[in-house]
Every structure is written in C-alpha cells, then in structure tokens.
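Reviewing the structure listed below.
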Amino acid sequence: MKTVIYYLSATGNSLYAARFLQASLEGAELCSIPEALAGGRLAVEADVVGFVFPLHYMGLPLQVETFMERLSMAGNPYVFAVATCGVPYLGTPFADAEEILRRKTRRLDAAWYLRLVSNYLPLRDTAADWRIRIRAWLAERKLKTIAAAVKGRRPHDTWQLLRKTCRRLHEEWKARQPRIDEAFRCDAERCTSCGLCEGVCPARNIRRPDGHPVWQHRCTECLGCLHICPVEAIEYGGKTKGRKRYRHKAVLPTDLLHRWQEGDAAGSGA
C-alpha cells in the first residue's frame, strides 16, 4: 500500500507529526508542499494521501489551499488530513478541504486536530515548558491513534466550531495577504546575515540584498522567519519583543529549510 504524506511546517509541529506518521505507516513517503508547488509536482498515484499542516487563522494555510486545488490524484485513494494547532476545534480547515476535494470528485475520508503549541507570537507568548511537555505526550498518543485509523482506512470526523464566524475571519485575513508582511522588522545591528530566515520561508518571500531580510509582500504569515532567527533580530508588530521563540524539540532548524531545485518557480503561487 503506497502512502504519500504532504506537509507544510514552519516551526516543526507539522513536520514532527508527518514524520511520526511516516514511521508508523510502512513505506510512506513525505513531500514538502512548498517544494512540490515550486517544482510543479502536482500529481500523485497512491493508495493513501495525507495532508499535515498548521491551522492558519482558523482555516487552511494559503499554500495548502493552493496545493490541494492543483493536485491531481489518480485512482480512488483514502484521503486524510491532520491540522496541528494550539487551540483545536475552532475553524473550518477540514470543511474547506472537503469543498476543494468535492469539486475534484474526491472526498476527505478522515480528519483530526492535533494540539501542540501555537507559534503565533503576536497574539500570545509561547506556552510554558511544562505545558509543552504535556501536550507533546498527549500528541504522541493521539498520533498513534491516527496512524492506526489510517492503516485501517477508517473514516473519522471532528468538530469544527463557529464555522461561519471563523470562515469570515479567515477570508478577511486572506484579503490582507499582500500587506501581511508590512509588520515585520529586522534589527540590522543584531542580524548576523545567517540566511536562515530566507531558507525557512515557504513562499520564498524573503530576499537579502545587503545580508538582512527584506520581505516581498507575498507572506503567508507562517512566522517561520521570526522563530528561526538565532539572535531574535526579527520582530512582528509591537508585541513579539521578549516573547519566547518556538521550535518543536524533535526538529532541527536545518530540517525546516527548503531545498529548492534548480528551475523551481519562486513564490507561493508557483
């Protein structure tokens, strides 16, 4: 049984979850959604197709939405989705995925929220270490349950509360996309020009003409650049200063860097 798991990850939660499922499902392959988009790898033939991604503004991340719309799936695969998040059950990620798949005469067979740690520092500081450890323990238990369900190709539904309100807020956020990155600032005196911010950006939205990051107005607000900076030179708005940066402990910074192939198109719409 061939399994392909597509993932999007900025601070490691979704990559950790995708790797766990890969290890639990014999012969499963992992594929980065940004890299697949950029390289035009938009067709899959597999018995099981999975999507693992973070919750963005209570809905699908922009690149996940684009990728699902463009992906061609041969045959009749079992399709599942896992949304990593800080607060589960609020939002419409799976309803939105179902709508996209329905237009392609496919269906979402199973969906789960996986609670880990929110990385959205403009809203609140990162959770305390003890809370992170508890959520990691609970997440591992849930991932074992998810893996068993996927192996058996069992259907699974989950709550998606306040759908109308969450969808309205998500659509308003999408409309702001060209202006999202205007809130980023880089302290040039602290910046070491290491390039990690550029490498982690899934939209290839960062250029460094003088060694320091300059955002190109196609940000998906994953906040990967903010969290990966080793000297905390990057801030977003006026509330992130002094707040604790986050990365899943099982994931290295280098694991989050994209490996673009020569000839890949730039930008999240690639």
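- Between Trp173 and Tyr57, the ring-plane angle classifies as parallel under the 30° and 60° cut-offs.
- When hydrophobic side chains of Ile, Leu, Val, Met, Phe, Trp and Tyr are connected at separations under 4.5 Å, Leu169 ends up clustered with Met58.
- No donor-acceptor distance shorter than 3.5 angstrom exists from the side chain of Arg207 to the backbone of Gln216, with no hydrogens or angles considered.
- By the side-chain hydrogen bond (donor to acceptor under 3.5 Å, both in side chains) test, Asn76 pairs with no residue at all, sequence neighbours left out.
- The backbone N or O of Pro202 lies less than 3.5 Å from a partner atom in the side chain of Gln63, making a donor-acceptor pair.
- When the shell of 6.0 Å around CD of Glu45 is examined, it contains 12 or fewer heavy atoms from other residues, nucleotides or ligands.
- No donor-acceptor pair under 3.5 Å is formed between the side chain of Asp109 and the backbone N or O of Pro155.
- Residues in residues 196-233 take part in these ring-ring contact (aromatic ring centres under 6.0 Å, His included) pairs, two or more places apart or across chains: Phe184-Trp215.
- With sequence neighbours left out, Leu55 forms a side-chain contact (heavy atoms from CB on, under 4.5 Å) with Cys85, Pro93, Tyr113.
- The environment of Arg141 atom CZ is sparse: at most 12 non-hydrogen atoms of other residues, nucleotides or ligands sit within 6.0 angstrom.
- In terms of the side-chain contact (heavy atoms from CB on, under 4.5 Å) criterion, Arg185 has no residue partners (sequence neighbours excluded).
- Under a 4.0 Å N-O distance rule, the pair Glu221/Arg179 does not qualify as a salt bridge.
- Counting non-hydrogen atoms of neighbouring residues, nucleotides and ligands closer than 6.0 angstrom, the NZ atom of Lys104 exceeds 12 such neighbours.
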- Message: Using the rule given for salt bridge (Lys or Arg N to Asp or Glu O under 4.0 Å), can you reason through Glu69 versus Arg106, listing the C-alpha separation, both sets of side-chain angles and the distance that settles it, and then say yes or no?
- Response: CA-CA 11 Å; Glu69 288 173 343; Arg106 303 291 179 188; over 6 Å; no

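- At least one donor-acceptor pair under 3.5 Å links the side chain of Arg243 to the backbone N or O of Leu121.
- For Glu172, the side-chain hydrogen bond (donor to acceptor under 3.5 Å, both in side chains) criterion is met by Arg168, not counting sequence neighbours.
- Grouped with Trp130 in one hydrophobic cluster are Ile134, Trp137, Leu138, the linkage being side-chain heavy-atom contacts under 4.5 Å among Ile, Leu, Val, Met, Phe, Trp and Tyr residues.
- In this view, Asp96 and Thr92, Arg167 satisfy the side-chain hydrogen bond (donor to acceptor under 3.5 Å, both in side chains) rule, not counting sequence neighbours.
- The two residues Ala43 and Leu71 come nearest to each other via the heavy atoms N-CD1, 3.7 Å.
- Ile132 belongs to a hydrophobic cluster with Val117, Tyr246, counting contacts under 4.5 Å between side-chain heavy atoms of Ile, Leu, Val, Met, Phe, Trp and Tyr, direct or through other members.
- At least one donor-acceptor pair under 3.5 Å links the side chain of Thr126 to the backbone N or O of Lys244.
- Around NZ of Lys239, the count of heavy atoms belonging to other residues, nucleotides or ligands within 6.0 Å does not exceed 12.
- Paired with Val200 under the rule side chain to side chain contact (heavy atoms under 4.5 Å, CB included), one option of Leu256, Thr254, Leu223 passes, and it is Leu256.
- Of the possible donor and acceptor atoms, one in the side chain of Arg41 sits under 3.5 Å from a partner among the backbone N and O of Glu35.
- Taking the side-chain contact (heavy atoms from CB on, under 4.5 Å) definition, one finds that Ala250 meets it with Tyr16, His248, sequence neighbours left out.
- The minimum heavy-atom distance between Pro34 and His258, with the atom names listed, is CG-CE1, 3.7 Å.
- By the ring pair (Phe, Tyr, Trp, His ring centres under 6.0 Å) test, Phe51 is found to be paired with Tyr6, residues two or more places apart in sequence or in another chain being considered.
- Gln177 contributes a side-chain N or O that, together with a main-chain N or O of Cys219, makes up a donor-acceptor pair within less than 3.5 Å.
- Atom CZ of Arg107 has 12 or fewer neighbouring heavy atoms from other residues, nucleotides or ligands inside a 6.0 Å radius.
- When the side-chain hydrogen bond (donor to acceptor under 3.5 Å, both in side chains) test is applied to Glu65, the partners found at least two apart in sequence or on another chain are Lys174.
- For the residue pair Cys229 and Ala233, the shortest heavy atom distance occurs at SG-N, 3.2 Å.
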